[in-house]
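Here's the structure we're looking at; comments come further down.
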Amino acid sequence: MFAQTLSHGCSSVFKRKPIFQTFSTRIITNRRAAEQKCLSLLSSCNSLSKLTQIHAHLLKSGLQTNPLVLTKFSSTSSHLNSIDYAASIIVTSSRTHLIFDAFLFNTIIRAYAQTDQSKHSAFFFYNLMLSHSIAPNKFTYPFLLKASAGLEELNLTKQIHGSGLKLGFDEDLYVQNTMVHAYSCCVEGIDIARKVFDEMPKSSPVSWSAMIGGYLRVGRSVDAIDMFRRMQVGGIKGDEVTMVSVLSACADLGALQLGRWVEFYIEKERIPKTVQVCNALVDMFAKCGDIVEAMRVFRNMKERNIVSWTSVIVGMAVQGHGKQAVTLFEEMKSHGVVPDDVAFIGLLTACSHAGMIREGCSYFNLMTREFGIVPKIEHYGCMVDLFSRAGQAKKALEFVQKMPIEPNSVIWRTLINVFWVQGDLEISESISKSLIGDEPMHESNYVLLSNIYAKMFRWEKKSKIRSLMEKKGIRKVPGCSMIELNDQIYEFVSGDKMKQQYEEIYKMVDEMGREMRRAGYVPTTSEVLLDIDEEDKEDALNLHSEKLAIAFALLNSPPGAPIRIVKNLRVCGDCHSATKFISKVYNREILVRDRKRFHRFRCGSCSCNDYW
DNA sequence: ATAGGGTTAG
């Protein structure tokens, strides 16, 4: 097969003679031509077997010593085994002879930097390069930084930064941009990235995108948005990559108004609406709860890929629209788009949120049977969630026991929760205890166990957990509700006396309570897992960040305007019930995005049908 | 030859 390809590839130059003979004779007489030929053969080489054959042939013909050829070897394939093969030739050759140059090393360094599994090898060749007294050039640093960024090795990045600094390559804009990116890949490096960014004499949209993307990666979406605002103020135009990052930040924060503005900006500035930009728009609208707009963008796309489909499917899933998610999935298949493991996670989530147990099970089986996808822990997680949400604790447990892979803490927590809901507190307690043993620093494990003890009225055990947490310095994540109003994002934390309007807000909360009671609301004091009397429990419920946010929205938005709230935790039972009453009493549509899904409250009921 | 980006169970 190789000989065929080779002779076919050579046919125009070497017409009659057999290929191997051609090579050896020509090399002696016309080395340069043979080199050229070999290089062009390597250009079309896309498998390890071809590579090894070309190499074997080269050995015969004496061309292996040529650095140019070796360079081509390294850049020829993105497959790890081909890169390793090229690497081994370079290592061997470097022991014996030759005039290696920076170009050669850059190529192999770049090849390794682009792999997922073997980025460390890039540094091996960097050191080999130095040991041969070959000076790195300005191209070497972006490659090294790329490798270091992927490894999330802050110290490595610092070292490269230092060496680049000494050689003066840090003045190159490319190097600076990659530097910002590499630093921003580590949570502890993000502020250094910002410092590098701030000290850059010049910047490009790439620099800004690197910074915005960095803030996004470490979960600082507010800072990401702030960077974008700074761009606007500075009159710097972003490009399509910037837009993708900014839209991602909007999606994360649930900032619909800003997201809409970004879409407008894309139109106005004629930023190319690439597939990725449209996918980001779809995802932004979906995560902001505007599934209609998400579908509009999706339907208008000229080209859609698996990510586009998955985005709308997940969008439907978080709205609890299981049927539509399934319909979209089937439509996707009929368009010839092959679902991947992520698409199945979306689909299974949709089934789980909508209580579609039968469909969920059948798709889970189909995934492996028809598409050969081996279920990952996430897929098993979806299934455990599917049974658990439907209250089938026993089935969920059986499923876990039959799983071929080890369940992880997410799955255990799902089980703890379902047994807790069903009042099977002993099982919950025992799983919970062993989980704390496995993950002693994970905050939610303690919260779960503490809730279990509260429900058992074992207050002394509960307070023990609390002091254990204190001793280990583990803090409960405070509940927080966000609301976007007139281009501003407001944050409310439970019981927080915020800077502005707090007296008015607390008054409003009281008024809401009275109006709700008149409509039949009864506070769910059993939700308050504290050893205090009933009246104090009611007060504690009123301090929940969600109620504060709603009060704030009622005070500051026109009557009848819909209210949109984004929470960092799941909505509690009492807030869920209260919000239903508020939607009716105040005649408002209230959309709450919780940690996992949307609740659309209208006229006294919720779109989740109390299934969440 | 060089840089930044979209979907993922609770």
Side-chain angles (χ1 to χ4, degrees), chain A residues 71 74-75 102-104 106-107 109-111 113 137-146 149 169 172-182 184-185 193 197 203-214 216-217 238-248 251 274-284 286-287 305-315 317 339-353 360 375-386 388-389 408-418 444 448 569-570 594-597 612:
Chain A
T71 306
S74 333
S75 62
F103 198 142
L104 170 78
N106 285 350
T107 322
I109 290 170
R110 177 179 61 173
N137 62 22
K138 67 169 185 174
F139 296 109
T140 316
Y141 286 94
F143 298 148
L144 288 174
L145 286 164
K146 189 164 193 170
F169 293 133
D172 186 280
L173 184 61
Y174 276 93
V175 177
Q176 289 169 350
N177 286 340
T178 325
M179 197 82 76
V180 170
H181 178 242
S184 79
C185 282
F197 176 89
S203 67
S204 72
V206 177
S207 340
W208 288 88
S209 303
M211 208 52 235
I212 293 173
L216 212 53
R217 252 191 308 278
D239 65 6
E240 70 267 27
V241 181
T242 324
M243 294 308 120
V244 169
S245 297
V246 173
L247 286 169
S248 244
T274 59
V275 181
Q276 270 157 299
V277 168
C278 292
N279 287 348
L281 273 169
V282 169
D283 180 56
M284 180 276 294
K287 294 239 171 78
N305 60 16
I306 183 70
V307 178
S308 334
W309 288 96
T310 306
S311 300
V312 276
I313 290 171
V314 171
D340 61 3
D341 53 334
V342 184
F344 272 103
I345 292 172
L347 182 66
L348 293 175
T349 314
C351 293
S352 148
H353 283 305
K376 296 201 295 193
I377 194 77
E378 288 92 340
H379 300 103
Y380 290 109
C382 289
M383 296 308 283
V384 176
D385 188 52
L386 181 80
S388 299
R389 275 175 202 270
N408 63 7
S409 59
V410 176
I411 289 180
W412 289 127
R413 276 193 284 273
T414 310
L415 282 177
I416 293 169
N417 211 35
V418 64
S444 66
L448 274 173
L569 303 175
R570 303 226 61 179
D594 119 333
R595 216 181 149 68
K596 284 296 136 203
R597 61 164 293 159
W612 87 94

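Note that this is a predicted model, so its numbers are computed, not measured. Below, chains carry the letters A, B, ... as their sequence lines are ordered, and counting in each starts from 1.
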[N], OP1 or OP2 - any side-chain N/O from [X] closer than 4.0 Å?
| X | N | answer |
| --- | --- | --- |
| R597(A) | dG10(B) | no |
| H353(A) | dG10(B) | yes |
| K146(A) | dA3(B) | yes |
| H181(A) | dA3(B) | no |
| R389(A) | dG10(B) | yes |

query: Base, sugar-phosphate, or nothing: which does N137(A) touch, judged by heavy atoms less than 4.0 Å apart?
result: base
Just to be sure I understand the rule, does I377(A) reach a base, reach only the sugar-phosphate, or reach nothing, if contact means heavy atoms closer than 4.0 Å?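 Base contact - I377(A) has a heavy atom under 4.0 Å of at least one base atom.
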Notebook entry, point to check: Counting only distance, no hydrogens or angles, is the base of dG10(B) paired donor-acceptor with the side chain of T414(A) under 3.5 Å?
Noted result: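 Check fails, no donor-acceptor contact within cut-off.
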Distance-only donor-acceptor test (3.5 Å): side chain D172(A), base dA3(B):
no
**Prompt:** Taking the six-membered ring for Trp, does Y174(A) stack with dT2(B) (centroid gap under 5.5 Å, planes within less than 30°)?
**Reply:**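 It does: the ring sits over the base of dT2(B).
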* Would you call W208(A) stacked on dG4(B), i.e. ring centres under 5.5 Å apart with the planes less than 30° off parallel? -> no
In short, side chain to side chain donor-acceptor pair (under 3.5 Å) pairs touching residues 340-349 of chain A with sequence neighbours left out are D341(A)-K376(A)
Looking at [options], which one has an atom nearest to any side-chain atom of [X]?
| X | options | result |
| --- | --- | --- |
| I345(A) | dA9(B), dT7(B), dA1(B) | dA9(B) |
| E240(A) | dT7(B), dA1(B), dG5(B) | dG5(B) |
| V314(A) | dA9(B), dT8(B), dG4(B) | dT8(B) |
| K596(A) | dG10(B), dT7(B), dA9(B) | dG10(B) |
| Q276(A) | dG5(B), dA1(B), dA9(B) | dG5(B) |

Worksheet item: How would you list, by chain and number, every residue that makes a salt bridge (Lys or Arg N to Asp or Glu O under 4.0 Å) with K287(A), sequence neighbours excluded?
Response: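 Salt bridge (Lys or Arg N to Asp or Glu O under 4.0 Å) check on K287(A) returns D283(A).
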Main chain of F103(A), side chain of T107(A): is a donor-acceptor contact present, judged purely on distance under 3.5 Å?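 Judged by distance alone, yes, a pair lies under 3.5 Å.
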> Just by distance, do the side chain of N408(A) and the backbone of I411(A) share a donor-acceptor pair under 3.5 Å?
Replying inline: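 Present.
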- Query: Nearest heavy-atom pair of G360(A) and L348(A): which atoms, and what distance?
  - Reply: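 For G360(A) and L348(A), the tightest heavy-atom pair comes out as O-CD2, 3.5 Å.
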